[in-house]
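Computed over heavy atoms, backbone and side chain alike; hydrogens, waters and symmetry mates excluded. Position 1 is the first residue of the sequence; numbering continues from there.
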Amino acid sequence: MNSLLRCTARCLRPGAALHLPKQTGGRVLSAPARLLCAAADLQKDLGEMVKKDKVVVFMKGTPAQPMCGFSNAVVQILRMHGVDNYAAYNVLEDQDLRQGVKDFSNWPTIPQVYFNGEFVGGCDILLQMHQNGDLVEELKKLGINSALLDAEKESK
């Protein structure tokens, strides 16, 4: 039994297989759904996910179909600034991811926004940054020119 627990502690993806030669007589057991990851593996994966893209959003739903008002607000704010190219992860598809990202950031709510691997905040923080102009500056640090600045220049 202990070897089974050690084997399942590794993060298996959908369709992966688990080979337990002694306990199963050499049979290969397929894992139809992702097995629970060890907390350390999930935290490591999250660390890599938030650094993979300049802008990363953990949200309920997708940018094309947000499933909550707060996630929709984050998508709309980013869209207003012309930020369409970002990584979005739907936490409704994976309960381990949903809880894991909360633990990773030490922030209790979804959505969560990351810039260059750094936690920015949720909907309320992003909205405040949008309203006070900080979001334009933070996007500039990422090499992203806000579409609102372009629109402002065109109107002058």
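Between the side chain of Ser105 and the main chain of Val101, a donor-acceptor pair closer than 3.5 Å is present. A donor-acceptor pair is defined here as one N or O able to donate and one able to accept, closer than 3.5 Å; no such pair exists between the side chain of Asp53 and the backbone of Val55. In this structure a side-chain-to-backbone donor-acceptor pair under 3.5 Å is missing from Lys60 to Cys68.
Interatomic distance, CG of Leu139 versus CG of Leu78, reported as 7.5 Å (0.5 Å rounding). Atoms NZ and CD, on Lys44 and Glu48 in that order, are 5.0 Å from each other to the nearest 0.5 Å. To the nearest 0.5 Å, atoms SG (Cys123) and CD (Gln76) are separated by 11.0 Å. For the atom pair Ile77 CD1 and Gln131 CD, the distance stands at 7.5 Å (nearest 0.5 Å). Here the CG-CD distance, from Leu135 to Gln128, works out to 11.5 Å after rounding to the nearest 0.5 Å. The CG atom of Asn72 lies 11.0 Å from the CD atom of Gln65; values are rounded to the nearest 0.5 Å.
Within 6.0 Å of the CE atom in Met67, the count of heavy atoms belonging to other residues, nucleotides or ligands does not exceed 12. The local environment of CG in Asn106 is sparse, with at most 12 non-hydrogen atoms from other residues, nucleotides or ligands closer than 6.0 Å.
Asp103 and Gln99 form a side-chain donor-acceptor contact under 3.5 Å, judged by distance and modelled atom types alone.
Closest heavy-atom contact between Arg98 and Ile110: O-CD1, 4.4 Å. Here the shortest heavy-atom pairing between Met59 and Ser71 reads CB-OG, 3.5 Å. The minimum heavy-atom distance linking Leu92 with Gly61 is given by the pair CD1-N, 3.9 Å. Nearest heavy-atom pair across Pro66 and Ala64 is CD-C, 3.7 Å. Among all heavy-atom pairs drawn from Lys102 and Gln112, the shortest one is CA-NE2, 3.8 Å. Here the shortest heavy-atom pairing between Val74 and Pro111 reads CG2-CG, 3.6 Å.
Hydrophobic clustering, with ILVMFWY side chains joined whenever heavy atoms are under 4.5 angstrom apart, keeps Phe58 apart from Phe70. Both Ile125 and Val91 sit in one connected hydrophobic cluster of ILVMFWY residues. Membership requires side-chain heavy atoms under 4.5 Å apart, directly or through other members.
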Apply side chain to side chain contact (heavy atoms under 4.5 Å, CB included) to Lys141 and Asn116, showing your working. CA-CA 10 Å; Lys141 290 177 187 175; Asn116 271 349; over 6 Å; no
Decide yes or no on side chain to side chain contact (heavy atoms under 4.5 Å, CB included) for His130 and Leu148, but give the supporting numbers first. CA-CA 10 Å; His130 165 69; Leu148 291 181; 3.6 Å; yes
Going through the distances and angles, do Thr62 and Val75 end up as a side chain to side chain contact (heavy atoms under 4.5 Å, CB included)? CA-CA 9 Å; Thr62 64; Val75 169; over 6 Å; no
Evaluate the side chain to side chain contact (heavy atoms under 4.5 Å, CB included) criterion for residues Val50 and Phe104: first the C-alpha distance (whole Å), next the side-chain angles of each, then the deciding distance (0.1 Å), finally the verdict. CA-CA 10 Å; Val50 299; Phe104 180 78; 4.1 Å; yes
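Taking the side chain as every heavy atom from C-beta outward, Leu97 and Met49 approach each other to under 4.5 Å.
Ring orientation note: the planes of Tyr114 and Phe119 are tilted relative to one another, at an angle of 30° to 60°.
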